[in-house]
Amino acid sequence: MKIGVYVDGYNLYYGARSLCGRGSSGWRWLDVRAFAQHLLDLQGAWKGSTVDRVIYCTARVDSRTNASAFADQDVYLKALLGSGSVDLIEYGNYVARVKHGLLADRDPATGKPSIHEADWPVVIQDATGQPVPRARYMVSYLHLEEKGSDVNVASHLLLDVLQGSIDAAIVISNDSDLAFPLKQARARVPVGLINPQKGNTAGSLMGKKTDGVGNHWWWKARETAYRRNQLPDPAGNQTKPVGW
């Protein structure tokens, strides 16, 4: 079977970070093709199949807000192309905006947002000097957001399926926005879904093995899969960044 692999780069990165640990090394220099092939072989539903093409969808980090991350990402993207780990990189946008919202933290018990209210040692008084009970803080903050990767994954997936360029597809993402394109793809070719993240696979991305043409599968990546499928150093004339 000719298998196309469609990767949501940021979903993959943050999934790897959640599993391997942000401060640890040995996982960022990921060989995406080898990673996909390893999990395809491990899952075992399509025995003897090999990855034919890899489409990697991402966005450039904003160099103004994080110059070092921009430089490291540039090296990695060149290494992916130069080593043949991916066949195409499709770029979305990395957007920096100023937003406003309530000051909040994550509730340690539930993991849900908990809104901060005025309390000692910092309280709020009105114009007459009287305390304002349960006052809330509004803050202005920098919001960084990657845009377009999910749309690009869906577009390349459906184009290749509808044009008959592939016999089966693997999608690496846990983004629930991909539910509809995945459903349409499963009606036409076998589809494997790899959840690269620590949490459960999004319910809307699930289905039955027999949906559409059938022979579908779902899989969760583990830390060992990231660490054992690393690019050589150097890769495509690019040297792995320090600490990676």
Side-chain angles (χ1 to χ4, degrees), residues 1 3-22 24 27-28 30-47 49 51 53-59 86 90 92 106-107 110-113 145-158 160-161 166-229:
M1 290 195 297
I3 298 175
V5 178
Y6 307 87
V7 184
D8 182 336
Y10 276 90
N11 209 275
L12 175 62
Y13 170 78
Y14 285 111
R17 194 174 79 174
S18 70
L19 286 164
C20 300
R22 182 173 185 172
S24 69
W27 57 269
R28 292 176 177 84
L30 184 67
D31 184 336
V32 179
R33 185 181 298 272
F35 175 78
Q37 185 68 52
H38 168 71
L39 293 179
L40 170 63
D41 295 340
L42 191 64
Q43 201 282 331
W46 304 340
K47 293 186 182 300
S49 298
V51 171
R53 63 197 310 252
V54 179
I55 309 299
Y56 187 83
C57 301
T58 189
V86 305
E90 190 69 59
R106 192 181 302 277
D107 188 306
T110 66
K112 296 181 178 180
E145 185 178 10
E146 176 272 329
K147 303 285 288 184
S149 288
D150 54 351
V151 175
N152 290 335
V153 167
S155 299
H156 278 284
L157 169 66
L158 293 179
D160 285 351
V161 168
I166 57 172
D167 302 313
I170 295 174
V171 174
I172 303 179
S173 180
N174 195 35
D175 188 338
S176 59
D177 288 344
L178 293 172
F180 181 75
L182 279 171
K183 181 179 179 181
Q184 295 304 308
R186 289 182 186 124
R188 295 162 173 86
V189 298
V191 177
L193 177 70
I194 295 174
N195 174 5
Q197 299 187 330
K198 191 174 184 178
N200 295 329
T201 302
S204 61
L205 299 180
M206 300 296 287
K208 299 177 181 178
K209 293 181 180 180
T210 55
D211 287 344
V213 300
N215 201 19
H216 313 300
W217 51 267
W218 292 260
W219 199 254
K220 275 178 63 67
R222 297 289 185 265
E223 179 181 353
T224 52
Y226 290 102
R227 294 191 179 279
R228 71 179 294 173
N229 292 289

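Heavy atoms only: backbone and side chains are in, while hydrogens, waters and symmetry mates are out.
Side-chain atoms of Asp8 and Cys57, non-hydrogen and from C-beta on, never get closer than 4.5 Å to each other. By the 4.5 Å heavy-atom criterion applied to side chains, Val171 and Leu182 are counted as neighbours. Asn11 is not listed as a side-chain neighbour of Ile172, based on a closest heavy-atom distance of 4.5 Å or more. Residues Val54 and Tyr6 have side chains not in contact (no heavy-atom distance under 4.5 Å, counting atoms from C-beta outward). For the pair Glu146 and Ser149, the minimum side-chain heavy-atom distance is below 4.5 Å. The side-chain heavy atoms of Val32 and Tyr56, taken from C-beta on, include a pair separated by under 4.5 Å. Annotation: side chain of Val213 is not in contact with side chain of Arg186 (no heavy-atom distance under 4.5 Å). You'll find the side chain of Lys209 reaches within 4.5 Å of the side chain of Trp218, heavy atoms only.
Between Met1 and Ser49, the closest heavy-atom pair is CE-OG, 3.5 Å. Minimum heavy-atom separation, His216 to Asp211: NE2-O, 2.5 Å. For the pair Thr201 and Met206, the tightest heavy-atom approach, listed with the atom from each and the gap, is CG2-SD, 3.5 Å. Looking at every heavy atom in both residues, Pro196 comes nearest to Ala221 through CA-CB, 4.1 Å. Summarising the geometry of Tyr226 relative to Gly15, their closest heavy-atom pair is OH-C, 4.2 Å, with the distance given to 0.1 Å. Taking all atoms of both residues into account, the shortest heavy-atom contact from Asn229 to Leu30 is O-CD1, 3.2 Å.
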With side chain to side chain contact (heavy atoms under 4.5 Å, CB included) as the test, would you mind laying out the steps for Val5 and Ile55 before giving the verdict? CA-CA 6 Å; Val5 178; Ile55 309 299; over 6 Å; no
Show your reasoning for whether side chain to side chain contact (heavy atoms under 4.5 Å, CB included) applies to Val189 and Asp167. CA-CA 6 Å; Val189 298; Asp167 302 313; over 6 Å; no
For the pair Thr58 and Tyr10, evaluate side chain to side chain contact (heavy atoms under 4.5 Å, CB included) and give the outcome as yes or no after the intermediate values. CA-CA 6 Å; Thr58 189; Tyr10 276 90; 3.3 Å; yes
Given Trp27 and Tyr13, is the ring-ring contact (aromatic ring centres under 6.0 Å, His included) satisfied, shown in steps? CA-CA 9 Å; Trp27 57 269; Tyr13 170 78; 5.6 Å; yes
Could you go through the side chain to side chain contact (heavy atoms under 4.5 Å, CB included) check for Val151 and Val153 one step at a time? CA-CA 5 Å; Val151 175; Val153 167; over 6 Å; no
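For the atom pair CG of Leu39 and CD1 of Ile194, the computed distance is 4.5 Å after rounding to the nearest 0.5 Å. Atoms NZ and CD, on Lys198 and Glu223 in that order, are 9.5 Å from each other to the nearest 0.5 Å. To the nearest 0.5 angstrom, Thr210 atom OG1 is 11.0 Å from Asn215 atom CG. Atoms CG and CG, on Asp175 and Asp150 in that order, are 5.0 Å from each other to the nearest 0.5 Å. The distance from atom CH2 of Trp219 to atom CG of Leu42, rounded to the nearest 0.5 Å, is 5.0 Å. How far CG of Asp41 is from CH2 of Trp46: 12.0 Å, rounded to the nearest 0.5 Å.
Under a 4.0 Å N-O distance rule, the pair Arg53/Asp160 qualifies as a salt bridge.
Judged purely by distance below 3.5 Å, without hydrogens or angles, the side chains of Ser24 and Arg227 pair a donor atom with an acceptor atom.
Within the 3.5 Å criterion, the main-chain N or O of Gly148 finds a donor-acceptor partner in the side chain of Asn152. Side-chain atoms of Asn174 come within 3.5 Å of backbone atoms of Ala202 as a donor-acceptor pair (strictly under, hydrogens ignored). Although no hydrogens or angles enter the test, the distance criterion places no donor-acceptor pair under 3.5 Å between the side chain of Lys112 and the main chain of Arg106. A distance-only check finds a donor-acceptor pair linking the side chain of Gln43 to the backbone of Ala45 [under 3.5 Å].
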